[in-house]
2 protein chains.
Amino acid sequence: MKHTIKDVAKRANVSIATVSRILNEKDGYSEDTKEMVLRVIEELGYHPNAIARGLINNKTHTVGVLVPSLTGTFATELLSGIEQVTHEVGSNVIVCYTEFQGVKTMKYLQMLNEKRVDGIIFISAELTEEYYSYVESMSIPMVLLCSESDKYQVPYVRVNDRAGGYTATKYLIDNGHRNIGLISGSEDDVLTSVQRAEGYKAALIDHNIAVNENNMVFNDDFLFEDGIQGMKTLMERAPDLTAVFAASDELALGAISVAYQYNKRVPEDISVIGYDNLRLAEMSHPPLTSVSQPLNDMGAKAAQMLFEMQESKMITPSCIMPHQIIERKSVHSLKDFKKK
Amino acid sequence: MKHTIKDVAKRANVSIATVSRILNEKDGYSEDTKEMVLRVIEELGYHPNAIARGLINNKTHTVGVLVPSLTGTFATELLSGIEQVTHEVGSNVIVCYTEFQGVKTMKYLQMLNEKRVDGIIFISAELTEEYYSYVESMSIPMVLLCSESDKYQVPYVRVNDRAGGYTATKYLIDNGHRNIGLISGSEDDVLTSVQRAEGYKAALIDHNIAVNENNMVFNDDFLFEDGIQGMKTLMERAPDLTAVFAASDELALGAISVAYQYNKRVPEDISVIGYDNLRLAEMSHPPLTSVSQPLNDMGAKAAQMLFEMQESKMITPSCIMPHQIIERKSVHSLKDFKKK
DNA sequence: TTGACTTAGTTAAACGTTTACGTAAGTAAT
DNA sequence: ATTACTTACGTAAACGTTTAACTAAGTCAA
């Protein structure tokens, strides 16, 4: 039931070379034979074997994406952006859930190597020496998504998290808040969590507000549970906060839920701004004001860069995507009219 | 920099056949040569070319997963279940976001065909004649996930949505509610939306509550926006409801948000139960009581079945996964003590 | 009429594996 | 000493393509 190029050739009374050329739109055949061959292909329902093609062309039209365990929407949006442009150029994506584990990551890299993927996208993970040199030895392009590396010359696409943190905090300040808390992810996560915190501090300083360590809390991760923990300690340590910048939407929702527990109304008693603008931001109560990362576009961009590098064999410049505040109902203005 | 089996053979002073046999753990070589070859492999950093292997073995260790555009968490959980067991058996998954489009789906099927994947998982989509016969002609196993087909003998894994709807509704009844609304997805979605509604009706009838069409609303989809729409019309048509069964968590959150708009407290004035038990259920305010589908397990099961079928060449029995109510805070009991 | 080009093909090697088959050396039994 | 088996390999075909190199026929100009 499965036909090969030979079957087509035999049935059309030509050589397999001719069939191949027709398939690949090279020249060396008449209109007539082309039509004939095409008809036979149609009749047989023949589809070329991508494996055989891959073997000889050294190109598999497949890219690998390494995804650590991210919260649902986040990963899906990035992935669907990647998948979309990958599909447009006629390739496919192999997903690998690394769960932040180094061993798993290396195992996946090996599989991707054996499968001879044309490129690799690393999502949101630190590029270790081990990973880098392995991919380097595969000599295929890679790009980092929601991450970056200063050690290695690997192009990345992300938003400027420091700037994002700054914008979020400034937004709160512009709304009249001066007593602003911070809930962020891990203090070890220099790439993201710490960056956002830096932006927070910078905004305070630029507006002559003292940075108070008591108002800042770091957690294990960016998750809801962390938000709960974080907000609890914040409520103890700094009960007179009027606003908090949560470095992820999940953190923000966690914070809001403990605010309720402490009988504080959001946003009347305490304002909360999130980060990521995931789908759940609009579904929360109150709807969450959040710093939006264009995740879908970022995924798409990363894929584009990958294919660009395949073409050009050169390193594509990195890309900082714009962020944006999506105003909803979780921030209360302490002024009659906003500044600016 | 990229070595082949020939390089290994040459360097170890054996034939490629021997290397191959060692790699595949067949016999026909001495302990000594094995050690030698293994050492050379290590030295060269050789990894077998899966493409070449695929060509001759007619097995690619790759499965395709067709995902319609599902809300983030839903898709991610299924996918990660699938990916996990796929990885365990040494295969990879190619994801295809079909966005519910027939043309795109067919295009993907062709790509998967050309890439000679070993199996296909269809998520949550109706299996049309076209899809079915195409995959049939590829003669590889397929399984349906969160879906089923009565036309074709294709194994599936899903929960019994009718039963799920029944359980949810019964839960409300057991909590003393008799005036219960329904917000579901599309009326055309016979596989899921309608099933849950049927379960709802059955539970009412079994408890001697009249089914009232006014208390039921169908929407375009299972999304937040649909929940808002649905709840609005429900509030108009049936203002004296004390509880509503929303056929998805997003619908439930939409419903809750309009409840707030109408100044109804949840759950004191109106109880809401959701379906899916996505991550956002625990993060909502109030935390959402929901019918849980073991999505991760379902994905894993589907993948297991796929590999089982590859082995056995037979059709594996379908699998109905258990559902379960996860009690949180969005349902209020109207009785002093619960029945049962 | 010849030579130079062009057109429309064919043949066969190559891609990197696996594996059926062949074989030479060693061992065991008679 | 011969036969029969076993062990430890090597040889070469095969998987389904692409493509470089070749060829035969036709066209055109001088």
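Computed from a predicted structure; not experimentally measured. Just so it is clear: chains get the letters A, B, ... in the order the sequence lines come, proteins before strands, and each one is counted from 1.
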**Item:** 5'-most by nearest nucleotide on DNA chain D - B/Asp27 or A/Ala17
**Value:**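 Nearer the 5' end of the strand: B/Asp27.
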**Message:** Let me spell it out: for each of B/Gly28 and B/Arg116, pick the nucleotide of DNA chain D with the closest heavy atom. Which residue's pick is nearer the 5' end?
**Reply:**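 The answer here is B/Gly28.
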**Request:** For the pair A/His47 and B/Tyr134, name the ring-plane relationship: parallel under 30°, tilted 30 to 60°, perpendicular over 60°.
**Result:**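 Correct class here is perpendicular.
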Mind checking [X] for me? I need base, sugar-phosphate or nothing, with any heavy atom below 4.0 Å counting as a touch.
{"X": "A/Asn57", "answer": "sugar-phosphate"}
{"X": "A/Ile16", "answer": "base"}
{"X": "A/Ser30", "answer": "sugar-phosphate"}
{"X": "A/Ser20", "answer": "base"}
{"X": "B/Thr18", "answer": "sugar-phosphate"}

**Message:** So, OP1 or OP2 of D/dT19: does either fall under 4.0 Å of a side-chain N or O from A/Lys26?
**Reply:**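 Looking at the OP1 and OP2 atoms of D/dT19, one of them is under 4.0 Å from a side-chain N or O of A/Lys26.
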**Prompt:** C/dG16 phosphate, OP1 or OP2: any side-chain N/O from B/Thr4 under 4.0 angstrom?
**Reply:**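 Answer no for this pair, as no side-chain N or O of B/Thr4 is under 4.0 Å from OP1 or OP2.
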**Prompt:** Does a sphere of radius 6.0 Å around NZ in B/Lys301 hold more than 12 heavy atoms from other residues, nucleotides or ligands, not counting ones at 6.0 Å or beyond?
**Reply:**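 Not buried by this count: 12 neighbours or fewer within 6.0 Å.
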**Request:** May I ask you to check whether over 12 heavy atoms, not counting those of B/Glu126, lie within 6.0 Å of atom CD?
**Result:**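 Not buried by this count: 12 neighbours or fewer within 6.0 Å.
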With the side chain of [X] defined as its heavy atoms from C-beta on, choose the nearest nucleotide among [options].
{"X": "B/Leu55", "options": "C/dC21, C/dG16, C/dA12", "result": "C/dG16"}
{"X": "B/Asn24", "options": "D/dT17, C/dT18, C/dT19", "result": "C/dT18"}
{"X": "A/Thr33", "options": "C/dG9, D/dG10, C/dT18", "result": "C/dG9"}
{"X": "B/Val14", "options": "D/dG10, D/dT17, C/dT10", "result": "D/dG10"}

**Request:** For residues A/Val40 and A/Tyr46, determine if any side-chain heavy atom of one lies less than 4.5 Å from a side-chain heavy atom of the other.
**Result:**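 Result no, sub-4.5 Å side-chain heavy-atom pair not found.
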**Asked** Could a donor-acceptor pair under 3.5 angstrom be found where the side chain of B/Arg21 meets the base of D/dG10?
**Response**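 Looking at the base of D/dG10, it does pair with a donor or acceptor on the side chain of B/Arg21 (distance under 3.5 Å).
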**Prompt:** Considering all heavy atoms of both residues, which atom of B/Thr192 and which atom of B/Arg158 are nearest to each other, and what is their separation?
**Reply:**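 Scanning both residues completely, I find the closest heavy atoms to be OG1-NH2, 4.0 Å.
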Tell me: [atom1] of [X] to [atom2] of [N], nearest whole Å?
{"X": "A/Ile56", "N": "D/dA14", "atom1": "CD1", "atom2": "P", "value": "18 Å"}
{"X": "A/Asn58", "N": "D/dT19", "atom1": "CG", "atom2": "P", "value": "12 Å"}
{"X": "A/Asn49", "N": "D/dT17", "atom1": "CG", "atom2": "P", "value": "5 Å"}
{"X": "A/Ile5", "N": "D/dC15", "atom1": "CD1", "atom2": "C1'", "value": "13 Å"}
{"X": "A/Tyr29", "N": "D/dT18", "atom1": "OH", "atom2": "P", "value": "12 Å"}
{"X": "A/Leu23", "N": "D/dT19", "atom1": "CG", "atom2": "P", "value": "12 Å"}
{"X": "A/Lys2", "N": "D/dT17", "atom1": "NZ", "atom2": "P", "value": "11 Å"}
{"X": "A/Asp7", "N": "D/dG16", "atom1": "CG", "atom2": "P", "value": "9 Å"}

**Message:** Given A/Tyr156, which partner from the list A/Leu145, A/Ile320, A/Val143 fulfils the side chain to side chain contact (heavy atoms under 4.5 Å, CB included) test?
**Reply:**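 That would be A/Ile320.
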